[in-house]
Amino acid sequence: MKQVNAVIVGAGAAGGIVAKELATAGLSVVLLERGKWYTANDCRKDDLRNQRTTVLGNAFGPEDEGNPRVWVDPRGEAHLALASEGSYQNDAACVGGGTLSYGAQAWRYMPQDFRMRSTYGAPQGSSLEDWPISYDDLEPFYEKAEWEIGVSGDYAGTPFHGPRRRDLPMPPLPPGREFALLEPAARRLGLHPFHIPMARNSIPYNGRGPCMRCRWCCGFACEVDAKNGSQNTVIPVALNTGNCELRTECMVKEILTDDRGRARGVAYFDERGHLQEQLSDLVVVSGCATESARLLLNSKSRLFPNGLGNRYDQVGRHLQGHHYTGAVGFFEQDTYDDIGPGATIAVTDYNHGTPGLCGGGMLANEFIRLPIHMVDRLPAATPRWGVGHKKAMRAWHKRTVVIMGPTQQIPTAEGRVTLDPDVRDKWGLPVVRFSGNVHPHTFEIGAVQAERAEAWLKETGAVSTTRMAGKPETVSAGQHQAGTCRMGNDPKGSVVNRFCQIHDVDNAFVIDSSVHVTNGGFNPALTIMALAYYASAELVRNWKGTGYRS
Amino acid sequence: MVGTERWPDGRMDEIAIHFYGSHPSQWELPMSLKAKDLLLTRRELVAGGVASSAVLAAGCGPAKLGDRESLTEGEARTLGVICDEIVPGDEFPSATQAGVLDYIDRQLARAYRRHRDAYTEGLEQAERLSRAKFGKTVAELGGAERLETVRAIERENGAFFELVRSHTMEGYYGSPRHGGNRDAVSWRMLGLEEPPVRGRAQFDLRKGSSS
């Protein structure tokens, strides 16, 4: 197989952008994706089998069979997890990655989110740290992501976000009934509600039409292609340059290194299960936090006996996602208007600045609720089955509002990904093993956020409310997973430098949410995209024709 | 077709409305699968479930016994009683009337193969419970006896009950494509527009956004 300039592992939010940036700059690129490239024909509105409600399996990968993971409970007992189970912490496995089927909230993190330790100090038992880069470093690349991927919304209502040079390219979608109810109530509480930024077309953009406001959004692919992910924006651009080849259903086994400790390409199983080698000048790992860490740990060699980039036992640590809490409110009047995507209004007043709390999170109304989601979200006194439950479904389905949000997690070194010593996947590769748990202060913040959500619902006129603030026993990762290959200036406390370059391998990079030092109180997709543009720009700047010199 | 939509601020917007067929099975399913839905409807009839005369009139061929993918007829009878206590009939169909047995039967042969043994054991235990309590099979129980038996299952075999409860709710409130929620009865019950209106709220592009 012909040697190329760059191999990119993973065609998700970050990998697609890196492929586009490198291919456009003239590098020859092979983009490897373990999943498939789905089309409009795969956009089934199946509320039991999508990426959010997965009782009958994941719609966009991976499959339950042959892709196990292991998780360790607080008593130290190990359990197998199927890909469609919550404990698997799945994102997706397909071209576009999570961005094919996400809700598409496209948030910028706030300036404080990049310096959490300086702002709050590190709580005991945590590994809270500052990023080595700032909001200002990323700002031009946030803008680039907003315009190239396509974001609608309006930040004008909030005074809390960092400075920006340019508005969003598209206005928000018209407000729905929930927005109309929640907005004045938030103002009465002294909050600053505004339109959620969404990677979703509100007007024709990038050659595709606007959102048709259907019931099936978060967790589903968009059949009219109005939701913007890497699969319908940057990846087609990369392929159109003629410099990028996308190979799907290819599972990378390991990163190959030479005698001097430089990466020389990857070994992967192709779609027929045959082992192949793709040699390259650069290797970029963009497999998402869980699988990127696994690939580095599986890339063992004489010079890297514990895995690539893992000289100081940092790969896999500081795993985090978001701790979602909130409240359900029940109303006398109809609140449901059957107009998607549902989530429309947010407040970011609670992300920072509460004495005694290390951060907080954004609060927003929930994506549209399908009937199956209501089954276990009825008022507390409702019977769990029988005619009383059925009557409650009828009574409340159209009179319920959910406010919730992603509490920024306090990372720990013990919340981590390692390799399971026994379990192998269908390719014979050691699988991910999750261990550790969520820092207790994260639960404290989450509980306060749930009270705030409840207060907003009560001010809106809810006749009863139920708080949602669980304390899961497992690590938290899921679709917002981050933090396993921390970015930092000190090679002993991080895996990559401020340009996403692995500390002791100058031609290997990790560019995805793995490098997030902390994960903000927001959905992370736009930050992953901005980072990918940022790291690509540096990579291209240092590209010398046949190699990378920093 | 074009209609108008009134927004909360009172403004009227033109919207494009697209109808995609009158039955959920017409939305995305290829013809071959629609034919299969009819077959399963027939199975439901055989299993003692109730179907509307409209379905009968749809022209199913002769009914065939034992045509389930996973459950035996005996198991289906026992399970049907439990499902119909979880979602009983009232002015809207019960679980089995809405096709929940078809849903569970199909999934036990597919996505829920891993739960097959739990069903075998759980349903056997339900029969033992019923015989010990009332000296009858579950299917022979009267209304109050059924409720009492299902409550006993919930108490004494909680894990199995939760499994059946979840699967019954999925079959009743989930997508009709999997054999349950026949004719989207539960969605209609909740007042969701049926067929769903798509392409709604394409606000006037010349005016740009609301707000």
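Values reported hereafter were calculated over all heavy atoms of this structure, with side chains retained and with hydrogens, waters and symmetry mates removed.
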Checklist entry - For B:R151, is it the side chain, the backbone, both or neither that has a heavy atom under 4.5 Å from a heavy atom of chain A? => result both
Next on the checklist: Between A:N206 and A:N228, is there a side-chain donor-acceptor contact under 3.5 Å, judged purely by atom types and distance?
Outcome noted: no
Next on the checklist: I'd like to verify something: which residue of A:G386, A:A395, A:G209 has the highest number of heavy-atom pairs under 4.5 Å with chain B?
Outcome noted: A:G386
Item to check | Salt bridge present between B:R68 and B:E75 (N-O < 4.0 angstrom) | outcome: no
Checklist entry - Where does A:Y336 contact chain B at under 4.5 Å (heavy atoms): side chain, backbone, both or neither? => result side chain
Checklist entry - Looking only at heavy atoms, which of residues 48-62 of chain A get nearer than 4.5 Å to chain B? => result A:L48, A:V55, A:L56
Next on the checklist: Which one wins on heavy-atom pair count under 4.5 Å against chain B: A:S84, A:P371, A:S152?
Outcome noted: A:P371
Item to check | Criterion side chain to side chain contact (heavy atoms under 4.5 Å, CB included) against B:L79, the qualifying member of B:L108, B:D105, B:T96, B:V164 | outcome: B:V164
Next on the checklist: Salt bridge check, A:R187 against A:E183: does any charged N sit closer than 4.0 Å to a carboxylate O?
Outcome noted: yes
Next on the checklist: Testing A:K45, A:R44, A:R208 one by one against A:E223 for a salt bridge (charged side-chain N to carboxylate O under 4.0 Å, His left out), which residue passes?
Outcome noted: A:K45
Checklist entry - Closest approach of A:K227 and A:L100, non-hydrogen atoms and distance? => result CE-O, 3.8 Å
Checklist entry - Are the side chains of A:L168 and A:P197 in touch, meaning some heavy atoms are under 4.5 Å apart? => result yes
Checklist entry - If you look at every heavy atom in B:R188 and B:D183, which pair is closest and at what distance? => result NE-O, 2.9 Å
Checklist entry - In a check of ring-ring contact (aromatic ring centres under 6.0 Å, His included) between B:H167 and each of B:Y172, B:Y112, B:F160, which one passes? => result B:Y112
Next on the checklist: Can you tell me which portion of A:K398 sits under 4.5 Å from chain B's heavy atoms? Options are side chain, backbone, both or neither.
Outcome noted: side chain
Checklist entry - Which bit of B:E170 comes within less than 4.5 Å of chain A, counting heavy atoms only: side chain, backbone, both or neither? => result both
Item to check | Proximity breakdown for A:L82 and chain B, heavy-atom pairs closer than 4.5 Å | outcome: side chain
